[in-house]
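Here is the structure we will look at, set down as structure tokens.
Just follow the structure's listing: the first ligand is 1, and inside any ligand the first atom is 1.
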Amino acid sequence: MKLRIEIDAAKCMGQGQCNYWAPATFALGDDGIAYSTLSQPGAENSDTDEAVILGAQGCPTRAIALWRGEERVV
Ligand code: SF4
């Protein structure tokens with residue numbers, strides 16, 4: 001089951017840890033706030049789930065939540 005990504009923009013401080021670990025999944029917008037590139041139409045992920053989880057776990061402000069179905073992974 002694919003990971004579902006939620007980013008709380010209000011908590012993001014733009015340090016880019018998520019993007020460091022999973023550059024195909026997380027990006028920083030012009031406003032310096034992270035977003036998931038997977039929210040783009042037709043986007044495909046070349047990061048492993050492990051890399052996405054590391055990116056979420058590395059977020060210093062816990063702005064990223066990962067879900068697999070009803071289970072919260074991070
Ligand atoms: S690691 Fe967290 S605080 Fe840093 S850019 Fe990503 S979502 Fe924002």
Can you list everything that forms a salt bridge (Lys or Arg N to Asp or Glu O under 4.0 Å) with R72? Sequence neighbours excluded, please.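 Salt bridge (Lys or Arg N to Asp or Glu O under 4.0 Å) check on R72 returns nothing, list empty.
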For residues F26 and N19, report the shortest heavy-atom separation together with the two atoms involved.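 Residues F26 and N19, closest heavy atoms: O-ND2, 2.7 Å.
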Are there any protein N/O/S atoms under 2.8 Å from atom 8 (Fe) of ligand 1, and if so, which?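 Correct list: C12 SG.
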Decide side-chain contact (heavy atoms from CB on, under 4.5 Å) for V52 and N45; before the verdict, give the C-alpha distance in whole Å, the side-chain angles of both, and the deciding distance to 0.1 Å. CA-CA 10 Å; V52 176; N45 195 359; 3.8 Å; yes
Are any of the side-chain heavy atoms of I64 and V74 separated by less than 4.5 Å?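 A side-chain contact is absent here, since even the closest heavy-atom pair is not under 4.5 Å.
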Can you find a pair of side-chain heavy atoms, one from L28 and one from I33, that are under 4.5 Å apart?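 Of all side-chain heavy-atom pairs linking I33 with L28, none is under 4.5 Å.
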If you count every heavy atom of other residues, nucleotides or ligands that lies below 6.0 Å from R62 atom CZ, does the total exceed 12?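 Check fails, neighbour count at 12 or below.
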